[in-house]
Amino acid sequence: MRKPFVAGNWKMNTDSHSSVELVERIVVGASKIAGRAVTIAVCPPFVYLQAVAQAVSASSVAVGAQDVYFEQNGAFTGEVSPAMLKDVGCTYVICGHSERRHIIGETDEMINKKIAAALAGGLLPILCIGELLGEREAGQTNKVVTRQIEQGLAGLSAEKLSAVTVAYEPVWAIGTGRTATPQQAQQVHRLIRELLAKIYDEPLAAEIRILYGGSVKPDNCAELMAQPDIDGSLVGGASLKADDFLAIIESAAV
Ligand code: PEP
């Protein structure tokens with residue numbers, strides 16, 4: 001049985017005061033279910049990670065970073081290593097978010113190195129994949145998602161894969177208010193699980209949590225969560241409002 005997982009990606013939002021205030025409201029609101037019925041993580045900007053990690057330290061709410069670099073230390077100006085993220089209290093790290101792929105220019109090869117480095121550093125990566133609108137319209141969704149999974153996870157042992165969460169986030173649904181229908185999302189989640197079963201094996205594929213992301217809101221999360229291969233959500237905009245994020249968490253809790 002896969003425990004539902006809801007993660008909030010705060011992107012480049014909040015400040016030193018509002019990041020702590022937001023997470024404190026989430027901790028209080030989710031105190032009965034966090035870590036038991038549902039795994040909860042928040043992913044603030046790098047500069048607020050430590051303060052947010054301190055604010056959640058007595059709770060079951062986990063903290064994740066939005067990115068990581070694949071080297072351990074050295075002359076990589078502006079980058080942050082897995083060890084640094086561990087040091088400030090991170091458990092998770094988002095790798096290959098579509099904004100990093102399409103705005104910053106990250107490739108599948110870089111993302112694969114980030115996943116490997118995150119795992120080696122004791123972090124739990126959330127691998128984001130998803131097609132652009134043009135790719136969906138051209139009937140290439142399965143091809144794109146297959147490539148992102150195969151290349152993103154290349155060289156990873158079965159043991160390492162068990163620490164990975166996958167997030168399917170169709171790019172056309174991120175921050176647009178346009179959500180994939182539950183059927184569209186389920187079809188791709190099924191494909192991802194079948195692909196993992198082919199690369200690894202079925203029992204392992206059945207264990208991996210596959211989150212949906214793309215304009216998840218309190219009014220659409222329940223029908224998405226009702227799909228058999230959707231195990232939770234990666235939430236952007238709605239994770240910045242404590243009440244909305246808590247409503248999404250509650251609807252995911254078993
Ligand atoms: C995201 O940032 O991963 C995301 C899904 O954003 P939103 O929920 O705002 O579409």
Side-chain angles (χ1 to χ4, degrees), residues 4-14 18-19 22-23 26 38-46 48-49 52 62-68 90 92-106 111 114-115 118 124-133 135-136 141 144-145 148-149 152 164-182 184-186 188-189 192 209-225 227 229-252:
F5 182 9
V6 178
N9 174 14
W10 294 359
K11 310 194 188 195
M12 201 170 72
N13 292 299
T14 70
S18 64
S19 56
L22 175 59
V23 85
I26 293 163
V38 57
T39 305
I40 303 170
V42 294
C43 304
F46 281 136
Y48 308 129
L49 282 169
V52 169
V63 175
Q66 298 172 19
D67 185 31
V68 65
C90 286
Y92 294 93
V93 61
I94 297 172
C95 296
H97 189 277
S98 75
E99 286 147 18
R100 297 209 60 83
R101 289 179 187 265
H102 300 295
I103 301 174
I104 314 290
E106 283 189 12
I111 294 159
K114 290 182 176 201
I115 298 263
L124 305 176
I126 302 172
L127 168 63
C128 296
I129 59 171
E131 81 286 1
L132 296 161
L133 182 59
E135 293 167 335
R136 173 161 283 263
T141 299
V144 170
V145 165
Q148 291 172 333
I149 285 281
V164 175
T165 299
V166 176
Y168 168 59
E169 303 202 296
V171 181
W172 48 272
I174 297 180
T176 59
R178 192 178 157 189
T179 320
T181 64
Q184 283 174 322
Q186 166 59 24
V188 181
H189 281 233
I192 295 165
R209 291 187 288 193
I210 307 175
L211 315 184
Y212 169 79
S215 299
V216 173
K217 305 271 183 278
D219 62 1
N220 61 23
C221 55
E223 53 176 2
L224 286 159
M225 277 304 297
Q227 300 301 310
D229 289 291
I230 299 184
D231 306 313
S233 47
L234 180 53
V235 186
S239 71
L240 293 167
K241 296 180 196 133
D243 290 343
D244 285 2
F245 192 55
L246 288 165
I248 294 168
I249 290 167
E250 268 166 39
S251 95

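Both counts, for ligands and for their atoms, begin at 1 and track the order of listing. Because the structure is predicted, anything quoted here is derived from the model rather than measured.
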List ligand 1 atoms under 4.0 Å from [X], heavy atoms only on the residue side.
X	value
Ala173	10 (O)
Ile174	4 (C), 6 (O), 10 (O)
Gly214	5 (C), 10 (O)

Angle class for the Tyr212/His189 ring planes (parallel below 30°, perpendicular above 60°, tilted otherwise)? tilted

Please write down residue, atom name and distance for the protein heavy atom closest to [atom].
atom	value
atom 1 (C) of ligand 1	His97 NE2, 3.2 Å
atom 2 (O) of ligand 1	Lys11 CE, 2.6 Å
atom 5 (C) of ligand 1	Glu169 OE2, 3.0 Å

Gap separating the CG atom of Asn9 from the CD1 atom of Ile126, nearest 0.5 angstrom: 9.0 Å

Distance in Å, Phe46 CZ paired with Met12 CE, rounded so as to fall on 0.5 Å steps: 13.0 Å

Side chain to side chain contact (heavy atoms under 4.5 Å, CB included) evaluation trace for Asp67 with Lys114: CA-CA 8 Å; Asp67 185 31; Lys114 290 182 176 201; 2.8 Å; yes

Which atom of [X] lies closest to which atom of [Y], heavy atoms considered:
X	Y	value
Ile248	Val216	CD1-O, 3.9 Å
Pro44	Leu49	CD-CD2, 3.6 Å
Ala180	Ala173	N-CB, 4.2 Å

Looking at ligand 1, does any of its N/O atoms fall within less than 3.5 Å of an N/O of [X]?
X	answer
Ser215	yes
Asn9	yes
Lys217	no
Gly237	yes

Under a 4.0 Å heavy-atom limit, does Ser239 contact ligand 1 with its side chain, its backbone, both, or neither? neither

Anything under 3.5 Å between a donor and an acceptor, one on a side chain of residues 232-244, the other on a protein residue two or more places apart or in another chain? List them.
unit_1, atom_1, unit_2, atom_2, d
Ser239, OG, Val235, O, 3.2
Ser239, OG, Gly236, O, 2.7
Asp243, OD1, Arg25, NH2, 3.1

Quick one: which of Gly8, Gly175, Ala167, Gly236 has a heavy atom closest to atom 10 (O) of ligand 1? Gly175

